[in-house]
Amino acid sequence: MPLFTRKSPKQGTTAEGTPQMGARMNSGSSQGNHITNNNNNLNVTDKSKPPLVFHCQLAHGSPTGLIHDFSSVRELYQKIAECFDISEKDILFCTLNSHKVDMARLLGGQIGLDDFIFAHRKGRPKEIEIVKSQDALGLTITDNGAGYAFIKRIKEDSIIDHIEHICVGDHIEKLNGQNMVGKRHFEVARMLKDIPTGDTFTLRLVEPVRSGFQGIGPRSGSRASGSGMPGGRNYGSGKETLRFKANGNAQIEPQFDEATVAGIEAINNLLESFMGINDTELASQIWDLGDQKSNSMDFAEAIDNSDLESFGFTDDFIIELWGAITDARRKSTVSPK
């Protein structure tokens, strides 16, 4: 007996995974040479409160821009593009508090109120022919929430690891000539997985601009110190975050507690193991759906009645997800206060 009944995909809904962002409260004045964006349509805070202002630079070097008035990741990219007079399509992804291509600092579905945003632009394209000599390529794929899937992690000693020209941060633009722009990371991962073992295929990749970088984050995605911040400012130490909701609204919330952080990380590990994708926002959505549930049946029904139903999670996978949620809860109740 399946845990839940399949439904036809809901019109107008997607499992939109969104990258993270950095912001701080505007004190009413700013110092230094800043580029400013002047549109006024963000309804994140009450009108009686100061607007949220996000500090941003282009990762390869630029003046500091002040970004505000957005309520989704796509709108954030639009504001960054307007601020720096570049095309929105030129932005591959953003990192927080580091100008490096550091996959541990990717912008996802949330951003600390003191975080500093670095926007990474498209660099040179490259086309690589690959023989799928093993079942697994060794890739973990994520996306920027605005139509670009890219490589987040490369497994050591895998097929891809032995190809030195493929790096973390590379955008997967085409697969065997088919355009991947606009596809979600799980769609790209599924297409790569479906390539028969022994076949040869071609990837067209676009790397981020590297000129001006002092270094690239390690392939394993281990955390970097995040040093080299403009003016020596201690960004990323806020107690609250701006979260992007599935309904398109942005909301300021307290930082996650330890149980939530552990649960989301465990869910993300399952997504990577079973689907070859990494998406903190998707993992957060799954955690939220299971947070107040008392059993796997209610959890499965919640997924079935959400936009995540379109992923087609198997019953076994849902049980694994439920196990990750209950394990995180249990550890939080037995940990010393």
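Predicted model, so just to flag it, every value in this text is computed and none were measured.
Residue K155 qualifies as open at atom NZ: its count of foreign heavy atoms under 6.0 Å is 12 or below. Residue N179 qualifies as enclosed at atom CG: its count of foreign heavy atoms under 6.0 Å is above 12.
Using modelled atom types, no side-chain atom of D170 and backbone atom of F150 make a donor-acceptor pair closer than 3.5 Å. In this structure, D288 contributes its side chain and D291 its backbone to no donor-acceptor pair below 3.5 Å. K126 contributes no side-chain N or O that, together with a main-chain N or O of I166, makes up a donor-acceptor pair within less than 3.5 Å. Panel note: side chain N97, backbone F116; a donor-acceptor pair is recorded below 3.5 Å.
For the pair K152 and E272, the salt-bridge criterion is not met [side-chain N within less than 4.0 Å of a carboxylate O]. With respect to D90 and R121, a salt bridge is recorded, a charged nitrogen being found less than 4.0 Å from a carboxylate O.
Put simply, CZ on R190 and CG on L192 are 11.5 Å apart, with the number rounded to the nearest 0.5 Å. Atom CD1 of I91 is separated from atom CG of N144 by 9.0 Å, given to the nearest 0.5 angstrom. Taking CD1 of I141 as the start and CE of M180 as the end, the distance is 10.0 Å to the nearest 0.5 Å. With rounding to the nearest 0.5 Å, the separation of CD1 in I159 from CG in L137 is 5.0 Å. Here the straight-line distance linking atom CD of E88 with atom CD1 of I86 works out to 9.5 Å at 0.5 Å rounding. Interatomic distance, OG1 of T140 versus CG of N269, reported as 10.0 Å (0.5 Å rounding).
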### Message
With side-chain contact (heavy atoms from CB on, under 4.5 Å) as the criterion, how do I264 and T280 come out once you've worked through the C-alpha distance, each side chain's angles and the decisive distance to 0.1 Å?
### Response
CA-CA 7 Å; I264 290 173; T280 302; 4.2 Å; yes
### Query
Given I128 and T202, is the side-chain contact (heavy atoms from CB on, under 4.5 Å) satisfied, shown in steps?
CA-CA 6 Å; I128 299 172; T202 302; over 6 Å; no
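Taking Y148 as the reference, H171 meet the ring pair (Phe, Tyr, Trp, His ring centres under 6.0 Å) condition, with sequence neighbours excluded.
No option in F311, W322, F299, F274 other than F274 meets the ring-ring contact (aromatic ring centres under 6.0 Å, His included) test with F317.
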